[in-house]
Visitor: 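Encoded as structure tokens, here's the structure I'll be asking about.
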Amino acid sequence: MDYESTALQLKPRPDFVATPWVRELADRALGYLTAGYPVHFSGPAGTGKTTLAMHLAALVNRPVVLLHGDDEFGSSDLVGDHLGFRSTKVVDNFIHSVVKTEQSVSKTWVDHRLTTACRHGFTLIYDEFNRSRPEANNILLTILEERLLELPPIAGGRDGSGPLRVHPEFRAIFTSNPEEYAGVHKTQDALLDRMITISMGGHDEATETEITAAKSGLSRDEAARIVELARAVRALKPLRHPPTIRSCLMIAKVAALRKVPIDPNDALFLAICRDVLRIDALPVDDPEATFAELIRRVFAPTPAVAPPRVPTTGFAANRVVPIPRRPLAASASPPPGANGHAHLR
Ligand SMILES: Nc1ncnc2c1ncn2[C@@H]1O[C@H](COP(=O)(O)OP(=O)(O)O)[C@@H](O)[C@H]1O
Ligand SMILES: [Mg+2]
């Protein structure tokens, strides 16, 4: 395995949405990385952590090594292991297998992705790193602090044994999900202490609208209605599975593909919203009545002078950029199916 097979050359994606909110965040994070500090985006699913990590790595403009947290990881999976055996009589060369041979076997050091990144000064993206067990991630402590990678000793003491000095251009970007998520481990404080953590509270409304429009092909006005509806549902706490930007994208992409109008009188549009937003699981007495009320609100004619928007929750609260929009053609009459399930076409 050579490093060409593990490193990627990322380019900024053309469909990356850079609203002022995103740009400010990316710029701050890039400043930390440039100063040599690892950056960590923490937050719930769908808050844009992975996308931002990839975008930043593309801006750093070095080859990128991508790791995904995994409960099965051990440190040797991250840094490499005795993968190959040069011998006239190789019995087995699978990782983690017991190798028995009567001949003397010279072990060949084969880099794994973390070692590759440290050795060549690449950018590491360790996505959802807290899905790996904390002891597997201990190897990162000396990498981030002393900039030394302690490689496991190899019998025979050749290639790869002993500490490796981390290349000065090595950079690390981490993402993590909340600890209450299934399959997520608590991160050791010492590791968190070595990185700059940015809590991702979710995109602001303008950014969600831009992303939904850009990735579905719907107009900004149409995207804005879908986002407003999803955010209204999200506000109905406590929800086990609050709708995310992914929910907005699902509604928008299906509607665009099936040419379903973003219209409160369209039964299929309402049915898609019900399914994706899991209206039947809303924590209210009458989910259908609540849904009808939210639809009415979202599709109400826009007043001539828009009232000031109430800042949303999350750390982007003071940076909400109002989205100018014109009323859609649809009327604001109560949606059919409001008292029962709409019929699918
Ligand atoms: N700045 C952005 N530009 C374009 N699409 C984005 C942006 N941020 C997030 N998305 C889209 O939103 C969805 C969720 O983003 P993602 O980065 O996967 O979230 P997370 O990693 O926090 O779960 C993805 O479909 C992603 O493509
Ligand atoms: Mg992600």
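Note that ligands are numbered from 1 as they come in the structure, with each ligand's atoms numbered from 1 the same way.
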Visitor: For atom 8 (N) of ligand 1, grab the closest protein heavy atom and report residue, atom and distance to one decimal in Å.
Guide: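 The protein heavy atom lying closest is H203 NE2, 3.3 Å.
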Visitor: List every atom of ligand 1 that sits less than 4.0 Å from any heavy atom of A45, numbering the atoms from 1 in the order shown and giving each element.
Guide: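 Numbered from 1, ligand 1 contributes 23 (O).
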Visitor: Using distance alone, with no hydrogens and no angle criterion, decide if E222 and S219 have a side-chain donor and acceptor under 3.5 Å apart.
Guide: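 Per modelled atom types, E222 and S219 side chains form a pair under 3.5 Å.
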Visitor: Considering only the protein, which heavy-atom contact is closest to atom 22 (O) of ligand 1, and what is its distance?
Guide: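 Among all protein heavy atoms, the one nearest atom 22 (O) of ligand 1 is K49 NZ, 2.7 Å.
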Visitor: Considering I211, D15, T47 one by one, which has a heavy atom nearer to atom 6 (C) of ligand 1 than any of the others?
Guide: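 Of the listed residues, I211 has the closest heavy atom.
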Visitor: So, 2.8 Å as the limit: is an N/O/S atom of T50 located closer than that to the Mg ion (ligand 2)?
Guide: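 Yes, within the cut-off.
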Visitor: Under a 3.5 Å threshold, yes or no: a donor from one side chain and an acceptor from the other, between T50 and D127?
Guide: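 Distance-only check passes for T50 and D127.
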Visitor: Can you tell me the protein heavy atom closest to atom 12 (O) of ligand 1 and the distance?
Guide: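 Checked against all protein heavy atoms, atom 12 (O) of ligand 1 sits closest to I245 CG2, 3.5 Å.
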Visitor: For atom 1 (N) of ligand 1, which of V17, D127, T207, N177 has the closest heavy atom?
Guide: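 Considering heavy atoms of V17, D127, T207, N177, the nearest to atom 1 (N) of ligand 1 sits in V17.
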Visitor: So, E128 and R131, do they make that salt bridge, N to O below 4.0 Å?
Guide: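 Result for this pair is yes, salt bridge flagged.
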Visitor: Report the nearest protein non-hydrogen atom to atom 26 (C) of ligand 1: residue, atom name, distance rounded to 0.1 Å.
Guide: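 The protein heavy atom lying closest is T51 OG1, 3.4 Å.
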Visitor: Note the single closest protein heavy atom to atom 18 (O) of ligand 1, along with its residue, its atom name and the distance in Å.
Guide: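 Of every protein heavy atom, R246 NH2, 2.8 Å lies nearest to atom 18 (O) of ligand 1.
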Visitor: Using 4.0 Å as the upper bound for N to carboxylate O, is an ion pair formed by R234 and E208?
Guide: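 Yes, charged N to carboxylate O under 4.0 Å.
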Visitor: Counting from 1, what ligand 1 atoms have a heavy atom of T50 closer than 4.0 Å?
Guide: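 Per the distance check, 17 (O), 21 (O).
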Visitor: What protein heavy atom is closest to atom 25 (O) of ligand 1, reported as residue, atom name and distance in Å?
Guide: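 In this structure, atom 25 (O) of ligand 1 has L249 CD1, 3.6 Å as its nearest protein heavy atom.
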Visitor: Look only at interatomic distance and state if G46 has a nitrogen or oxygen under 3.5 Å from any nitrogen or oxygen of ligand 1.
Guide: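 Yes, G46 has an N/O under 3.5 Å of an N/O on ligand 1.
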Visitor: Is there a donor-acceptor contact under 3.5 Å linking the side chains of Y126 and N137?
Guide: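 There is such a pair (donor and acceptor under 3.5 Å, judged by atom type) between the side chains of Y126 and N137.
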